[in-house]
Amino acid sequence: MSQQVVTRFAPSPTGFLHIGGARTALFNWLYARGRGGKFLLRIEDTDRQRSSPEATAAILQGMAWLGLDHDGEVISQFDGAARHAEVANQLLAEGKAYKCFASQEEIAAFRDQAKTDGKSTLYRSPWRDADAATHPDAPYVIRIKAPQRGVTIIEDQVQGDVTIGNDQLDDMILLRSDGTPVYMLAVVVDDHDMGVTHVIRGDDHLNNAARQMTIYQAMGWQVPVWSHIPLIHGPDGKKLSKRHGALGAQEYQAMGYSAGGMRNYLTRLGWSHGDDEFFTDAQALDWFDLDGIGKSPARFDTKKLENLSGQHIAISGDAALRHEIQQYLAAAKQPALTDAQSAALEKAMYCLKERAKTFPNLLEKAEFALASRPIQPDQKAAKALAAVSDGILGELTPQLQNVSWTRDDLEELLNEFAEAHDTKFGKLAGPLRAALAGRAVTPSVFDMMSILGRDETMARLNDAVG
RNA sequence: GGCCCGUUCGUCUAUCGGUUAGGACGCCAGGUUUUCAACCUGGAAAGACGAGUUCGAUUCUCGUACGGGCUGCCA
């Protein structure tokens, strides 16, 4: 019996949840939730200068949109500073770490020189083996004693075994001269203390894993199962990150993509399960596994996102869509739907959801149900109305009085009417659409009529005839 | 500079030594049609390059090119 899976998402709160981070969170979520494990959230806020509560809130919001719920409280890494220092001091006491009195200026000067000489910029502290008696009374940092010979092998589930020469490892800093812990220490301690079994993160951390390994070994802790996933690139192939103007997850919400579609798209980006492209959350949870993750970076393609968003809207329940649309409106900073509009929307949903790729798209087609008389035709609709004589619409309207108000009968009536006037129904559809919705893009006129009902339909037609 | 990782149609990808290299999005052509969308039919479109291993390489190995990452008292 294997132990329970515990994964975590550990963003640093320096900006919005960018799309690459969202996918990392999603992978961790899928892996844990798909196996009855736990998915934890830890905010890496040890850099006080760059961390902000606003950013944390934005990350939480982005995750909420995508439905990535985490177990337990949100953990602040900064809160664990004392524990991190404790570990550093333990290592120091055990002789596995040491005090380094080199100043930052000193090190910077060394690096500059090494760079101009074309030599390795790896800093070798002269204090590594210094006698404590020679220690000056000055500020110091605590560095770990990294192995200098041999190799460190990262057994990565995505990248395979990655071998790094220990001569590439520096004695990284554990505790700054002000006593605060550095990320490299904090991740290891926190992942260990939180019982994290599987770490899925961006491959920008692949090299760091070797460094972190030295802490695991020094503490005698078991290393987690690592999976370093390739970063997502922009459509231009360039790195997509918050530093390079990446789009935040919430911006996609504000653009009106469905969360289900986004989950599907992000899951499929860089991960595959044979030829499956469109799948539900249940299927993703069932299928997701580490060995399906690709090794090469993927580009973000809005067209495919759009397509999947549409497919997910089409299979969503009407009430759920109504709810998600209200949230979209809020995210897009648009006025909320009134209760009446919302109810009308849900009633019309059946003929809207299979034809819309995004929510603004759906709302555009829903205009007929959301608007109230008198209908204000937009430019295109006005043009369609002008293309037909008032007479013919005026003649049609009374005929609606006694027809049975079902889709089929309406269709029959309108076709016969068109035939009687020696025209095609197609010629009539435009003006009818314009009169009923004030828009050129709408559902079928028969659907609109049956949803609107006889009275409202006739009233709108009469309005249009004038 | 040093080290690490990557490279199949425009894009996301399948293939785990032998396939006419498959699918999806997008694109093009045609069909259907009541606008948009959807749908149907067909089409163009890929193994970065060079060696090697092998009866046989997209697949294994090496090199080159290109791209990315790390090399912080950032995360």
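Below, chain A is the first sequence line, B the second, and so on; all start at residue 1.
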Watson-Crick/G-U partner (both atom distances under 3.5 Å) of B:A57: none
Sugar-phosphate, base or nothing in reach of A:Val445, heavy atoms under 4.0 Å: base
Under-3.5 Å donor-acceptor pair between A:Arg355 side chain and B:U35 base: yes
Residue-phosphate contact under 4.0 Å: A:Arg111 side-chain N/O, B:G72 OP1/OP2: yes
Atom C1', compared across B:G23 and B:A75: separation rounded to whole Å: 39 Å
Base partner of B:C25, which must satisfy Watson-Crick or wobble distances under 3.5 Å: B:G10
Watson-Crick or G-U wobble partner of B:G67, both distances under 3.5 Å: B:C5
Whole-Å distance separating the CD1 atom of A:Ile229 from the P atom of B:U13: 12 Å
Distance test, side-chain N/O of A:Arg176 to OP1/OP2 of B:A75, below 4.0 Å: yes
Residue-phosphate contact under 4.0 Å: A:Ser272 side-chain N/O, B:A14 OP1/OP2: yes
Pairwise C1' distance for B:U32 and B:A38, with rounding to whole Å: 11 Å
Any A:Thr121 side-chain N or O less than 4.0 Å from OP1/OP2 of B:G1: no
Atom-pair distance (CE on A:Met448; P on B:A37), nearest Å: 16 Å
Sidechain N-carboxylate O distance under 4.0 Å for A:Lys347, A:Asp318: no
Base partner of B:U33, which must satisfy Watson-Crick or wobble distances under 3.5 Å: none
Polar side-chain contact A:Gln168-B:G2 base: donor and acceptor under 3.5 Å: no
Main-chain N/O of A:Asp289 paired to A:Trp271 side chain as donor or acceptor, under 3.5 Å: yes
Complement of B:U19, any strand, by Watson-Crick or G-U distances under 3.5 angstrom: none
side-chain N/O A:Lys357 vs B:C36 OP1/OP2, d < 4.0 Å: no
Whole-Å P distance, B:C39 and B:G47: 30 Å
